[in-house]
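Read the structure below first, then the notes.
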Amino acid sequence: MGIRNLKSFNQPMPVGVRLPEIEVDRRVYYQLDLDPQSSNYDLLRALCLRGVKQRGIDKLENKQEYYDRVKMELSVLNDLGFVDYILLNWDILNYCHENEIPTGPGRGSAAGSLVLFLLKVTNVDPIKYDLFFERFVSKSRAKKTVVDDITYLDGSLLADVDNDISYDRRAQVIKYIEDKHKGKTCKILTLNTLSSKLCVKECGKIVGRMSEDDVNIVSNHIPKQFGKVYKLDKAYDESDKFKEFADNNEKIYKIAKKLEGLNKNTGVHPSGIAISFYNIEEIMPMQKTNDGHLISAYDMNDVASLMVKFDILGLRTLSVVNDTCKQLGIEINDIDVELPEIYENFKFIEAPKGLFQIEADTNFKVCKKVSPRNLDELSAVVAIARPGALDYLDTYSDYISTGNFQSVNNFFDDILSYTGGIPLYQEQLMKMAVKVGFTLDESEQLRRIVGKKKVDQMPAWKAKIEQKVEENNLDKEVGEILWKVAEDSANYSFNKSHSISYAILAAITTYLKFKYPKEFFLSLLKMTKHEPDSHAEIALINQEFCLFDMNLLPPDLSRSDIEFSIENKNIRYGLNSIKGVSEKTLENVVEFNKSQMSEQNKYDIFLNAKDAGINIGILSGLIQGGMMDSFCDRSTGVPNRCRLVLEAQSFNLLTDREKRNFCKLGSKFEYDILNSIASVKKENWPADDGRPVMKDSRFKTFKRDYDKYRKIYDKNKGHLVFANWFFERKYLGYSHSLKIKDVFGNSGDLYDSLELKSIPNNDRVKFVGVVTDCIARTSRAGNKYMRVEIQDDYGKVNFMLANNRRSATLDNYLNDGGKKPKEEQIVFVYGSKGEDIIFGEKITILDEKIYTKLSEIK
C-alpha cells in the first residue's frame with residue numbers, strides 16, 4: 001500500500017468530529033408535510049412520528065410509555081449534537097429499504113434506542129424487550145464543542161450504530177455512500193499487535209534456539225481468562241511455571257517484553273467505512289489497498305477523532321433468509337419469533353447448519369445443553385456462548401431444567417432470577433444500580449468504569465455506592481453485592497440489546513429451516529459461491545440432508561440449471577458449482593446442455609462439447625463427476641469413468657479427418673474409440689478418401705500423446721470405486737454415488753459419524769474419513785497429544801492420540817514410523833468412544849492415491 005501525500009489543510013484543524021452534511025430528498029419533506037427548510041431536528045422528530053403510526057404504537061395500551069421514551073431520547077440526542085449522526089444512519093438504511101436490500105434486526109447497543117426502532121434503522125422494540133437507551137447514548141460520556149456556531153463531537157465517545165446488510169448487496173450500499181459523499185469516504189486501517197504468546201514462542205526459537213514443541217509448552221503456561229491471554233507481566237505474577245521459565249531464561253523474557261504489543265502488521269477493517277465533512281485528503285494521509293480502494297493511513301482510533309465511522313457488515317444469513325422468503329412469497333417481518341413451534345426444534349436438535357449464532361461448534365453445544373424454550377432463553381444462548389460466560393453454562397442449564405436459581409441477595413432477585421441468578425447481561429447490572437438509587441445514566445457510567453478497569457475512578461464509585469446505600473437505608477450487604485457483581489461480571493456479561501437482536505435472527509433461521517427445509521437448503525447452497533471454500537461448505541450442507549429425508553442430486557447435463565434447483569423433494573446440483581467451470585465456460589456448458597443427449601452417441605457428445613467451447617480438461621471433469629454415466633462401461637459393476645475419460649482424451653487427439661472417419665465406423669465398434677483405433681490400425685482400414693485412416697507415422701505421433709493419458713488410466717483403473725468417490729468429491733465437494741464408509745469398509749464393522757452418536761461411551765469403534773485438521777501439542781501437564789479432526793459424509797469426528805501416565809500411545813505410534821496426518825489424507829482410526837471424541841489406540845493413513853495428471857506419476 002502506498003501512502004498518498006497529505007494536501008495542505010486550508011481549514012482550521014478540527015477540535016473534534018464535524019458531522020458530514022445531510023442531504024435529504026425533498027420528496028421526504030413533502031411526505032412528512034414539512035417545509036424543506038425545516039431543521040434536522042424537526043425532520044428527525046417527524047420521521048419518529050411517522051414511525052409511531054407505521055409501527056402501530058398509537059394503538060397500544062401503553063402508548064404513553066413509548067411517547068415519553070421517544071421524547072426523552074430526542075431531547076438527549078438534540079442536546080448532545082447527535083441528530084445529524086442519527087439521520088446519516090437513517091439515510092443509509094432508508095436507501096436499503098427503498099431498494100429492497102435486506103437489513104438485520106439490529107446489532108450492538110443501538111437496539112436499545114426507540115428512535116432508531118421508529119426510523120426502521122433497527123427492528124427490535126426496546127420497550128418490549130426491556131432495553132436501555134442509556135446503554136446506547138450516555139449524556140455523561142458524550143462531549144461536544146461549539147466553535148463559531150459549528151458543533152464538533154468527540155469521536156471516541158460518539159454513539160455507535162452498527163448495521164447488518166445482505167451480503168450480496170453490500171457493495172451496492174457502499175457505492176451509495178461513496179457517491180453521496182464523494183471524496184469524503186474511505187476504508188479504515190487496522191493494526192495487529194504482537195501477543196504475549198507469540199513473543200515468547202518466537203524469542204524462544206530465535207534467541208534461545210528452542211524447538212517448536214518446547215516453545216509450545218512454555219506458551220501454554222501463559223494463562224488466559226475469559227478468552228483473553230494474559231500479558232507477560234501478569235503471566236509472570238500468576239503462573240508459577242511461566243515464572244520459573246522466565247527466571248531461568250531472563251534474556252528471552254526481557255526481549256519478549258520489549259516486543260510485546262508492537263505492531264505486527266496492518267489490515268483493513270472488514271466492515272468499517274469512514275465519512276468526513278471535509279475532503280479526506282485535507283485531514284489525513286491516505287493509502288491504497290492492493291485492489292485500489294482508498295484506506296486511511298491512520299488506525300481506527302485516530303480515524304474516530306476526525307471522521308464518523310460506520311460499520312456496514314455484509315451478513316450471509318440475511319441473504320439466505322431473504323432468498324428463502326422470496327421463494328416462499330412471504331415477508332421476513334411477518335415471521336413471529338415468539339412461535340412455540342420454533343423452540344420445539346431445539347429439544348433434540350442435530351442439524352445446526354445455517355442457524356444464525358447456533359451453527360458454530362461452541363454455540364451449538366450451548367444450544368443443545370440449554371434447549372431454549374423461548375426468545376429470552378435463545379438470547380441467553382447467544383450471550384453464554386462466549387469465553388468467560390461459558391463458565392456459567394451448567395448453572396444456567398440447571399436453572400432452565402429445574403427452575404431453581406442461585407440468589408445473590410433477595411433484594412436483586414427480581415432482576416437476576418430470569419437468568420438463573422447470573423448477571424448475564426450488562427443491562428441487569430444497570431438495573432441493579434438503579435434499584436439502589438442511581439439513574440440509568442449513572443448506572444451506565446458505573447458499568448463502563450468498572451468494566452474497563454479505570455482504576456483511578458473505581459474507588460470514587462465504590463464510595464458512591466456506599467453513600468447511596470446509606471441514603472436509601474438499604475442493607476450494607478446490598479452495596480457490597482452490587483460492587484462485587486460489577487467487578488466480576490465485567491469479564492463475562494453481555495449487551496442484551498445485541499443478544500436479543502441476534503436471537504431474533506437465530507429464531508427466523510430456525511423457523512425457515514425446519515418449516516421449509518427445501519427452500520432454506522437451496523438458499524444455503526446458492527450462497528456457497530461466496531464462501532472461501534465453496535466445496536467444503538457444500539459438503540457440510542449435504543451432511544444434513546439425510547436428517548430431512550432429502551438428497552443432493554448430482555449435476556446432470558440434461559436436468560441441472562446453472563444454480564442449484566429444487567427437484568421434487570430433493571435439490572439438484574447447480575452447474576456453476578462444478579470445480580473448474582468458469583463463468584465463460586459455464587455459457588458453453590449451457591450451450592452444450594441444449595443438445596438432446598439421449599439421442600446421441602459418445603462421439604456426438606465429444607464433438608458437441610468441442611463445438612460448445614468445452615476443453616478436454618472440463619469435459620474430463622464433467623465425466624469424472626458422474627454427469628455422463630450413461631455412456632460408461634459397467635462391466636465391473638460400477639461406471640468406469642476413468643476409461644470414458646481416456647476415450648474422450650483419445651478422441652480429442654484425432655484430426656478432423658480422423659474424427660469424421662471414426663464417426664462413420666462408430667456403430668461397428670459400439671462407439672468405443674480405443675477399440676476402433678486398434679482395429680483400424682491392425683487391419684489398415686481405408687478412409688473415405690481411399691487413403692489409410694491412420695498411417696504408421698501418424699499413429700506414432702498419436703500414440704506418443706496417448707501414452708501420457710494411458711499412464712494415468714493404468715494407475716487408476718485398479719481403484720474404480722475409490723476413483724469415482726475421489727473425483728466426485730474433487731469436482732463437486734461431495735460424493736453422490738458412494739459413501740466413504742462403503743468405499744473402504746468391506747469388513748462391516750466401520751461406523752459413520754451419524755451412527756457414532758448412538759454408540760455408548762467407552763465402546764470400541766472404528767471409523768474412516770478425510771482429515772480436515774490435525775494439531776500436535778503438549779498439554780500443561782507435559783503430556784504430548786495429537787488431535788485429528790476427521791470428516792465423513794455425515795459429519796466430523798475428533799480423534800485423539802496421546803501420552804499419559806499409563807501409556808505412551810503417541811510416542812509408540814511415532815516410533816513405529818507413524819506420521820502426523822495431513823489435510824485431505826484418508827485415515828482409519830480405532831479407539832474408545834468418548835463424549836464428542838474417539839480416544840485413540842490406532843491410526844492408519846491410507847496410502848492409496850488417485851492420479852489426476854502425469855506429473856504426479858513422475
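Along the sequence shown, residues carry numbers from 1. These figures come from a predicted structure and were not determined experimentally.
No donor-acceptor pair under 3.5 Å is formed between the side chain of Asp816 and the backbone N or O of Gly818. The backbone N or O of Leu732 lies less than 3.5 Å from a partner atom in the side chain of Tyr573, making a donor-acceptor pair. Between the side chain of Thr809 and the backbone N or O of Leu801, no donor-acceptor pair lies under 3.5 Å. Side-chain atoms of His535 never come within 3.5 Å of backbone atoms of Thr528 as a donor-acceptor pair (strictly under, hydrogens ignored). A donor-acceptor pair is defined here as one N or O able to donate and one able to accept, closer than 3.5 Å; no such pair exists between the side chain of Asn322 and the backbone of Leu318. Between the side chain of Ser401 and the backbone N or O of Ser397 there is at least one donor-acceptor pair closer than 3.5 Å. Judged by distance alone, the side chain of Gln543 and the main-chain N or O of Asp792 form a donor-acceptor pair under 3.5 Å. Put simply, the side chain of Ser735 never gets that close to the backbone of Lys739: no donor and acceptor are under 3.5 Å apart. Checked by atom type and distance alone, the side chain of Asn363 pairs as donor or acceptor with a backbone atom of Gln357 at under 3.5 Å. A distance-only check finds no donor-acceptor pair linking the side chain of Lys833 to the backbone of Asn762 [under 3.5 Å].
Using a 4.0 Å cut-off between charged side-chain N and carboxylate O, Asp549 and Lys569 make a salt bridge. Salt-bridge annotation for Arg729 and Glu824: present, with a side-chain N of the basic residue lying under 4.0 Å from a carboxylate O of the acidic one. Using a 4.0 Å cut-off between charged side-chain N and carboxylate O, Lys353 and Glu537 make a salt bridge.
Between Thr324 and Val320 the shortest side-chain heavy-atom distance falls below 4.5 Å. Counting heavy atoms from C-beta outward, Lys717 and Cys642 have side chains that stay 4.5 Å or more apart. Put simply, the side chain of Leu810 reaches to within 4.5 Å of the side chain of Leu814, judged on heavy atoms. Proximity of Ile332 to Val321: side-chain heavy atoms (C-beta onward) are separated by under 4.5 Å at one or more points. Using a 4.5 Å heavy-atom threshold, the side chains of Pro554 and Met627 count as separate. Side chains of Leu552 and Asn570 form no contact here, defined as non-hydrogen atoms less than 4.5 Å apart. Contact annotation: the side chain of Tyr794 never approaches that of Leu547 to less than 4.5 Å [non-hydrogen atoms, C-beta and beyond]. Taking the side chain as every heavy atom from C-beta outward, Ile342 and Leu339 approach each other to under 4.5 Å.
With sequence neighbours excluded, the residues satisfying salt bridge (charged side-chain N to carboxylate O under 4.0 Å, His left out) with Arg643 are Glu647, Asp672. Qualifying ring-ring contact (aromatic ring centres under 6.0 Å, His included) partners for Phe545, counting only residues two or more places apart in sequence or in other chains: Phe521. In terms of the side chain to side chain contact (heavy atoms under 4.5 Å, CB included) criterion, residue partners of Val721 (sequence neighbours excluded) are, by chain and number, Val638, Leu738, Val743. With sequence neighbours excluded, the residues satisfying side chain to side chain contact (heavy atoms under 4.5 Å, CB included) with Glu789 are Thr772, Asp773, Arg787, Lys796, Asn798. Annotation: ring-ring contact (aromatic ring centres under 6.0 Å, His included) contacts of Tyr502 (sequence neighbours excluded): Phe356, His498. Residues meeting the side chain to side chain contact (heavy atoms under 4.5 Å, CB included) test with Ile826, sequence neighbours left out: Phe722, Trp725, Ile740, Phe744, Val768, Val770, Leu846. Listed by chain and residue number, His530 satisfy the ring-ring contact (aromatic ring centres under 6.0 Å, His included) test with Tyr167 (two or more places apart in sequence, or in another chain). Residues that satisfy the side chain to side chain contact (heavy atoms under 4.5 Å, CB included) test with Gln327, not counting sequence neighbours, are Asp323, Glu519, Leu522, Ser523, Ile566.
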- Could you walk me through whether Lys201 and Asn216 pass side-chain hydrogen bond (donor to acceptor under 3.5 Å, both in side chains), step by step? CA-CA 7 Å; Lys201 288 170 74 170; Asn216 283 336; 3.2 Å; yes

- Walk me through it: do Phe548 and Phe514 pass the test ring-ring contact (aromatic ring centres under 6.0 Å, His included)? CA-CA 9 Å; Phe548 293 83; Phe514 290 96; 5.7 Å; yes

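Closest approach of Lys819 and Tyr813 over heavy atoms only: O-OH, 2.6 Å. Ile578 and Pro555 get closest at one heavy-atom pair: CD1-CB, 4.2 Å. The two residues Gly733 and Ala539 have their closest heavy-atom pair at O-CB, 3.2 Å. Taking both residues in full, the closest heavy atoms of Ile759 and Tyr751 are given as CD1-CE2, 3.5 Å, listed atom of the first, atom of the second, then distance. Considering all non-hydrogen atoms of both residues, Pro639 and Asn724 come closest at O-ND2, 3.0 Å. Arg764 and Ser832 get closest at one heavy-atom pair: NH1-CB, 3.7 Å.
Here the two rings, on Tyr830 and Phe767, have centers that are 6.0 Å apart or farther.
The line from CZ of Phe494 to OG of Ser499 is 6.0 Å long, rounded to the nearest 0.5 Å. How far OG of Ser211 is from CD1 of Ile217: 7.0 Å, rounded to the nearest 0.5 Å. Atom CD1 of residue Ile845 and atom CD of residue Gln825 lie 4.5 Å apart, to the nearest 0.5 angstrom. In this structure, Glu567 CD and Asn551 CG are separated by 11.0 Å, a value rounded to the nearest 0.5 Å. A distance of 4.5 Å separates CD1 of Ile541 from CG of Leu525, quoted to the nearest 0.5 Å. With rounding to the nearest 0.5 angstrom, the CG atom of Asp793 is 8.0 Å from the OG atom of Ser753.
For the ring-ring contact (aromatic ring centres under 6.0 Å, His included) condition, no pair includes a residue of residues 769-792, sequence neighbours left out. For residues 362-385, the set of pairs meeting the salt bridge (charged side-chain N to carboxylate O under 4.0 Å, His left out) definition, not counting sequence neighbours, comprises Glu350-Lys368, Lys369-Asp394, Arg373-Glu377. Residue pairs that meet the salt bridge (charged side-chain N to carboxylate O under 4.0 Å, His left out) test with at least one member in residues 620-633, sequence neighbours left out, are Asp629-Arg641. Every pair passing side-chain hydrogen bond (donor to acceptor under 3.5 Å, both in side chains) that includes a residue from residues 503-517 is listed here, sequence neighbours excluded: Lys513-Glu544.
In Lys757, the NZ atom is crowded: over 12 heavy atoms of neighbouring residues, nucleotides or ligands sit closer than 6.0 Å. Atom CZ of Phe364 has more than 12 heavy atoms from other residues, nucleotides or ligands within 6.0 Å. By the 6.0 Å contact criterion, NZ on Lys784 is open, its count of non-hydrogen atoms from other residues, nucleotides or ligands being 12 or less.
Side-chain atoms of Ser166 and Asp168 form a donor-acceptor pair, as typed in the model, at a separation below 3.5 Å. A donor-acceptor contact closer than 3.5 angstrom links the side chains of Asp811 and Asn803.
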